[in-house]
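Take a look at the structure below.
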Amino acid sequence: MAASSFPFNAEALLVQSLTDYAIYMLDPEGHILSWNPGGRRIKGYTDAEVIGHHFSQFYTEDDVRRGEPQRGLATARSEGRFEAEGWRVRKDGSQFRANIVIDPIWQDGELMGFVKVTKDVTERFKAQTRLQEAERTLAQSQKIHAIGQLTLGIAHDFNNVLAVVTASLDLIARTSSEERRQQLVDAAQKAAHRGSMLSRQMLAFARGQNLSPANLDVNELIRASIEVYRRAAGAIATCTLDLVDGDPVAYVDGARFEAALMNLVANARDAMTAQGSIVIATRVVQPADGVHPDLQPGRRYLYITVTDDGPGMGEEVRLRAMEPFFTTKDVGRGSGLGLSQVFGFASQSGGFASIHSEPGAGTRVTIAVPVVE
């Protein structure tokens with residue numbers, strides 16, 4: 001249908017000076033009769049490529065399959081207006097976030113067509129998304145920091161008690177010759193060692209551990225221990241590397257870094273329910289402001305990620321995964337301190353840690369530490 005076939009002057013309804021809005025006239029079936037310069041600017045099409053075509057050409061394939069264009073027209077016709085927000089497609093294939101309004105045009109009780117107004121709200125949408133993510137991250141970080149302060153006090157007290165117990169057991173071991181007592185001593189020393197390990201993990205989470213940082217080539221650290229990580233991955237997972245080019249240097253404690261990475265590989269392995277893969281990767285990033293509360297604006301970070309293709313986790317579990325003693329493993333398969341130890345190490349190294357996961361889509365844990373420029 002040509003623009004001249006519309007029963008009234010459609011061009012009179014178009015505000016030609018508006019370039020921030022795409023304004024269309026549609027016939028009752030949704031074919032485009034005319035549009036303004038804003039439509040050409042936002043969508044990238046010429047008049048000849050649009051006039052006479054159905055307006056659904058601007059929708060994503062998924063929206064077209066779901067019948068979203070037809071639903072918009074039907075709602076406008078029955079309710080007097082349709083307003084929505086969603087992703088739309090430009091001529092070059094890129095997508096943008098659009099706020100749309102469709103109003104019906106009636107004449108003597110007969111539907112003559114529709115006026116459709118589209119505004120590009122991509123930047124507003126992205127800003128809102130970043131703000132929401134930052135708010136969630138801040139709330140979680142504040143909760144973890146509060147738990148961390150409590151953990152720090154407990155860990156120091158626990159360590160002092162263990163020092164006394166271990167010293168007493170050593171004296172008993174040197175003065176006793178009875179076999180049964182020796183067995184008890186051995187069991188007590190084993191328990192004390194386990195308690196000491198838990199104490200160190202809590203100190204790591206609370207950022208109270210003693211670090212010995214140095215400027216280290218992180219890629220080289222990872223390469224040097226890859227066989228250890230592969231053994232930790234076990235028979236159920238293949239462990240591979242995807243390291244950034246160059247020699248990224250970070251100011252970290254090498255031994256603590258390797259322990260944190262080992263924790264992540266072991267966690268990924270334990271999450272596997274079938275044969276899968278674990279990828280250790282590095283990349284240099286300058287994160288956008290608001291990505292994390294502990295972000296230092298303007299700094300470049302080295303992201304060390306451990307990604308698995310396991311079952312993933314839901315949002316509730318993801319948000320709690322770095323809390324100390326929180327675990328989804330069976331009793332006896334973990335203390336729930338592995339990820340909290342990673343959190344503490346990253347924070348104490350001047351960076352941060354994050355988890356991205358969805359059910360059925362695997363898990364990616366990131367340690368971010370500042371790059372030494």
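Sequence positions, counted from 1, serve as the residue numbers for this chain.
Put simply, the side chain of Glu49 gets close to the backbone of Thr46: a donor and an acceptor are under 3.5 Å apart. Under the 3.5 Å distance criterion, the side-chain polar atoms of Ser357 are matched with a main-chain donor or acceptor of Met313. A donor-acceptor contact shorter than 3.5 Å is absent between the side chain of Ser225 and the backbone of Val228. In this structure, the side chain of His54 does not engage the main chain of Pro69 through any donor-acceptor pair within 3.5 Å. Although no hydrogens or angles enter the test, the distance criterion places a donor-acceptor pair under 3.5 Å between the side chain of Asp309 and the main chain of Ser277. In this structure a side-chain-to-backbone donor-acceptor pair under 3.5 Å is missing from Asp108 to Glu110.
With a 4.5 Å cut-off on side-chain heavy atoms, Thr305 and Val365 do not count as touching. Considering only heavy atoms from C-beta on, Glu258 comes within 4.5 Å of Tyr229 through its side chain. Side chains of Arg364 and Thr366 form a contact here, defined as non-hydrogen atoms less than 4.5 Å apart. Contact of the Asp242 side chain with the Ile280 side chain is not registered, since no non-hydrogen atoms from C-beta on lie closer than 4.5 Å. Counting heavy atoms from C-beta on, the side chains of Ile367 and Val342 come closer than 4.5 Å. Proximity of Thr282 to Leu302: side-chain heavy atoms (C-beta onward) are separated by under 4.5 Å at one or more points. The shortest distance between side-chain heavy atoms of Arg77 and Trp106 falls below 4.5 Å. Counting only heavy atoms from C-beta outward, the side chains of Ile100 and Glu83 never approach each other to under 4.5 Å.
Counting all heavy atoms, side chain and backbone alike, Val265 lies closest to Ala233 at CG1-N, 4.0 Å. Contact detail for Pro370 and Gln296: the closest heavy-atom pair is CG-NE2, 4.0 Å. Heavy atoms only, all atoms of each residue included: Ile278 and Ala237 are closest at CD1-CB, 3.7 Å. Here the shortest heavy-atom pairing between Ala250 and Val218 reads CB-CG2, 3.9 Å. The two residues Asn36 and Tyr21 make their nearest non-hydrogen contact at ND2-O, 3.1 Å. Shown here for Thr118 and Ala98, the closest heavy-atom pair between the two residues is CG2-CB, 3.8 Å.
Both the sub-6.0 Å distance and the 45° axial angle are not jointly satisfied by Arg40 relative to the ring of Tyr45. Taking the ring centre of Phe55 as origin, the terminal cationic atom of Lys116 falls outside the region bounded by 6.0 Å and 45° from the ring axis. Relative to the ring axis of Phe125, Arg97 places its NZ or CZ within 45° and under 6.0 Å from the centre.
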*ring-ring contact (aromatic ring centres under 6.0 Å, His included) between Tyr301 and Phe352, intermediate numbers included*: CA-CA 10 Å; Tyr301 285 79; Phe352 54 89; 5.4 Å; yes
_Walk me through whether Leu26 and Leu73 qualify under side-chain contact (heavy atoms from CB on, under 4.5 Å)._
CA-CA 10 Å; Leu26 308 177; Leu73 296 183; 4.2 Å; yes
*After noting the C-alpha distance and the side-chain angles of Glu85 and Lys119, does the key distance pass the salt bridge (charged side-chain N to carboxylate O under 4.0 Å, His left out) rule?*
CA-CA 10 Å; Glu85 186 171 308; Lys119 180 173 176 59; over 6 Å; no
*Walk me through it: do Arg223 and Glu220 pass the test salt bridge (charged side-chain N to carboxylate O under 4.0 Å, His left out)?*
CA-CA 5 Å; Arg223 290 192 193 98; Glu220 184 56 34; 3.8 Å; yes
*Show the numbers, then the answer: is there a side-chain contact (heavy atoms from CB on, under 4.5 Å) between Leu221 and Phe257?*
CA-CA 9 Å; Leu221 275 179; Phe257 171 79; 3.9 Å; yes
*Would you check, one step at a time, whether the test side-chain contact (heavy atoms from CB on, under 4.5 Å) holds for Leu216 with Val249?*
CA-CA 5 Å; Leu216 299 175; Val249 174; 5.8 Å; no
*Check the pair Asp120 / Arg90 against salt bridge (charged side-chain N to carboxylate O under 4.0 Å, His left out), numbers first and verdict last.*
CA-CA 11 Å; Asp120 185 347; Arg90 297 187 180 93; 3.1 Å; yes
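Salt-bridge check for Arg88 with Glu68: failed, with every basic side-chain N at 4.0 Å or more from each acidic carboxylate O. Between Arg230 and Glu227, at least one side-chain N (NZ, or NE/NH1/NH2) sits under 4.0 Å from a carboxylate O, which counts as a salt bridge. Under a 4.0 Å N-O distance rule, the pair Asp245/Arg283 does not qualify as a salt bridge.
Atom CD of Gln128 is surrounded by more than 12 heavy atoms from other residues, nucleotides or ligands within 6.0 Å. Residue Lys126 places its NZ atom among 12 or fewer non-hydrogen atoms of other residues, nucleotides or ligands, all under 6.0 Å distant. Surrounding CD of Gln275 are more than 12 heavy atoms belonging to other residues, nucleotides or ligands, all under 6.0 Å away.
When only modelled atom types and interatomic distance are considered, Trp87 and Asp62 share no side-chain donor-acceptor pair under 3.5 Å.
Hydrophobic clustering (ILVMFWY, side-chain heavy atoms < 4.5 Å, transitive): Val115 and Val101 are in distinct clusters. Residues Leu243 and Val252 fall within the same hydrophobic cluster, defined by Ile, Leu, Val, Met, Phe, Trp and Tyr side chains chained together at heavy-atom separations under 4.5 Å. In the hydrophobic cluster analysis, where Ile, Leu, Val, Met, Phe, Trp and Tyr join through side-chain heavy atoms closer than 4.5 angstrom, Ile226 is grouped together with Ile222. Note on Ile304 and Val279: separate hydrophobic clusters, where clusters join Ile, Leu, Val, Met, Phe, Trp and Tyr whose side-chain heavy atoms are under 4.5 Å apart, directly or indirectly. By the criterion of side-chain heavy atoms lying less than 4.5 angstrom apart, applied directly or through intervening Ile, Leu, Val, Met, Phe, Trp or Tyr residues, Phe345 is grouped together with Met262 in one hydrophobic cluster.
To the nearest 0.5 angstrom, Met272 atom CE is 7.0 Å from Ile236 atom CD1. To the nearest 0.5 angstrom, Gln57 atom CD is 8.0 Å from Lys43 atom NZ. For the atom pair Arg231 CZ and Cys239 SG, the distance stands at 11.5 Å (nearest 0.5 Å).
For Phe58 and Tyr24, the gap between ring centers is short of 6.0 Å.
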